[in-house]
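Working notes, structure below.
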There are 2 protein chains.
Amino acid sequence: MALKLRRNRAPEPPEACPLSECMSLLGGAWTPNIIWYLSAGPRRFGELRHDIPAISAKVLTGRLRDLEAKGVLWRRVMPTSPPSVEYGLTDLGTEFQPAIAAIVAIGHKIKQRQAAHGQSDDMAMPAS
Amino acid sequence: MALKLRRNRAPEPPEACPLSECMSLLGGAWTPNIIWYLSAGPRRFGELRHDIPAISAKVLTGRLRDLEAKGVLWRRVMPTSPPSVEYGLTDLGTEFQPAIAAIVAIGHKIKQRQAAHGQSDDMAMPAS
DNA sequence: CTGTATCCAATAGGATACTG
DNA sequence: CAGTATCCTATTGGATACAG
């Protein structure tokens, strides 16, 4: 009686939140996209720029360097006449694919809901 | 085909990148944590603040309002003498759990690798 | 207890120009 | 082609104070 149902306690806490740690890995807004486009195999810098037109060279370079430093992807310089560089997922990088696939799946569902419900009850107002 | 293997073309592109859309949903650094802590059931504002001490009231409120507007969670005001508010995942919100679980799993693996390989080449952090 | 408002610092990210 | 450097703006997030 002293303690009625204490609604519910914290779920198994993510022990010191590896969540936050991992999120810092794909913290960049474009990071998941980069990993996604590398999931089918190595790609060159220019190809990635073409894959993700909205990303700037600076940001792409930054994310690439960052992910390389964290062991998510590797960087290989091809000694060709016009220098070309290839990036690819490491073993660790491939680990992200399930998570990204899950995120993509959610994105699809959200789109479906928005298309189905229309935007009658939410997001219709440019909050001022 | 005269053109040798064109390394590989873009993988099935995330059609206009729902990835980015979804990432904008959990764009906030704390969003995954909030969803995580709500995954076991509804919780009150103060409980969430206690769950995630590093988050400020402003940010928590902001993420909460944002997720509510997007239909990820619901907000229920309890008409008690000291006003209390409960938040819980909606059906849509529960969809995020697999993705977050996958992210948490990666976080664990990264930690293991850091502990196993030591800090020989990167991230030289004395774990303990 | 549950927020909200204001101020402020840090950072991400875009545009452009330039180099190897 | 593959970056790098610089500048600039927008956004995020924290601290504090205050309100219902």
Side-chain angles (χ1 to χ4, degrees), chain A residues 6-7 17 19-35 37-38 42-70 72-88 126-128, chain B residues 3 6-7 10 17 19-35 37-38 42-70 73-88:
Chain A
R6 44 184 50 188
R7 53 178 29 77
C17 295
L19 232 186
S20 303
E21 291 208 14
C22 186
M23 286 306 290
S24 68
L25 274 191
L26 31 93
W30 300 113
T31 306
N33 257 293
I34 294 172
I35 296 176
Y37 278 107
L38 286 179
R43 275 180 100 62
R44 290 179 24 192
F45 186 84
E47 290 179 314
L48 287 173
R49 285 195 70 178
H50 180 262
D51 290 337
I52 317 171
I55 198 173
S56 62
K58 190 191 91 171
V59 175
L60 180 55
T61 302
R63 299 296 97 214
L64 250 22
R65 295 289 186 189
D66 202 33
L67 293 174
E68 183 191 5
K70 285 162 180 164
V72 176
L73 53 80
W74 47 259
R75 177 175 179 269
R76 178 173 43 168
V77 180
M78 313 286 283
T80 54
S81 42
S84 61
V85 182
E86 272 195 344
Y87 295 90
S128 53
Chain B
L3 38 104
R6 53 216 2 220
R7 51 178 32 75
C17 295
L19 231 186
S20 304
E21 292 208 14
C22 186
M23 286 308 290
S24 67
L25 275 191
L26 30 93
W30 300 114
T31 307
N33 257 294
I34 294 172
I35 295 176
Y37 278 107
L38 285 179
R43 277 180 100 62
R44 289 180 26 193
F45 186 84
E47 290 178 313
L48 288 173
R49 284 194 70 177
H50 180 261
D51 290 337
I52 317 171
I55 199 173
S56 62
K58 190 191 90 171
V59 175
L60 179 55
T61 303
R63 299 296 95 213
L64 250 23
R65 295 287 186 189
D66 201 34
L67 292 174
E68 182 192 5
K70 286 163 181 165
L73 52 80
W74 47 258
R75 176 175 180 269
R76 180 173 43 168
V77 179
M78 314 286 284
T80 55
S81 43
S84 61
V85 183
E86 272 195 345
Y87 295 88

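Chain A is the first sequence line, chain B the second, and so forth, proteins listed ahead of strands; every chain is numbered from 1.
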Whole-Å distance separating the [atom1] atom of [X] from the [atom2] atom of [N]:
X	N	atom1	atom2	answer
B:E47	C:dC1	CD	C1'	12 Å
A:R76	D:dA2	CZ	C1'	16 Å
A:R63	C:dA12	CZ	P	7 Å
A:D66	C:dT11	CG	C1'	13 Å
B:N33	D:dT12	CG	C1'	16 Å
B:I55	C:dT2	CD1	P	15 Å
B:L48	C:dG3	CG	P	10 Å

| field | Inter-residue atom distance A:L64.CG - A:T31.OG1, 0.5 Å rounding | value |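 It is 9.5 Å, given to the nearest 0.5 Å.
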| said: What's the separation between atom CG in B:L38 and atom CD in B:E47, rounded to the nearest 0.5 Å? | reply: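 Rounded to the nearest 0.5 Å, the CG-CD separation comes to 10.0 Å.
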| task | Could you tell me which residues satisfy side-chain hydrogen bond (donor to acceptor under 3.5 Å, both in side chains) with B:R75, sequence neighbours excluded, listed by chain and number? | result |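 Scan of B:R75 (side-chain hydrogen bond (donor to acceptor under 3.5 Å, both in side chains), adjacent residues dropped) gives B:Y87.
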| request: List for me each residue that meets side-chain contact (heavy atoms from CB on, under 4.5 Å) alongside B:V59, sequence neighbours excluded, and say none if there are none. | output: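 Checked B:V59 against side-chain contact (heavy atoms from CB on, under 4.5 Å); matches are B:W30, B:I55, B:S56, B:R63.
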| Contacts of A:T80 that satisfy side-chain contact (heavy atoms from CB on, under 4.5 Å) - sequence neighbours left out |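 Scan of A:T80 (side-chain contact (heavy atoms from CB on, under 4.5 Å), adjacent residues dropped) gives A:M78, A:P82, A:S84.
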| said: If you assign A:P83 and A:A54 each to the DNA chain C nucleotide with the nearest heavy atom, which residue ends up on the more 5' nucleotide? | reply: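 Final value for this comparison: A:A54.
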| In chain order, what residues pass the salt bridge (Lys or Arg N to Asp or Glu O under 4.0 Å) check against A:R76, with sequence neighbours excluded? |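 Here the qualifying residues are A:E86.
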| task | Take nucleotides 3-8 of chain D nucleotide by nucleotide from the 5' end and write B, S or -, depending on whether a protein heavy atom sits under 4.0 Å from the base, only from the sugar-phosphate, or from neither. | result | SB-BB-
| Residue A:S84, side-chain heavy atoms: nucleotide from D:dG14, D:dA2, C:dG13 that is nearest |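 Of the options given, the side chain of A:S84 lies nearest D:dA2.
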| message | If you compare every side-chain N and O of B:R44 against the phosphate oxygens of C:dC1 (OP1, OP2), does one of them come in below 4.0 Å? | response |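 For C:dC1, neither OP1 nor OP2 has a side-chain N or O of B:R44 closer than 4.0 Å.
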| task | Compute the bend angle of the helix from C:dC1-D:dG20 to C:dG20-D:dC1 from the end axes (five pairs per end), rounded to 10°. | result |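 Terminal axis comparison yields 40°.
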| message | If you apply the rule side chain to side chain contact (heavy atoms under 4.5 Å, CB included), what do you find for B:I34 with B:D51, and how did you get there? | response | CA-CA 9 Å; B:I34 294 172; B:D51 290 337; over 6 Å; no
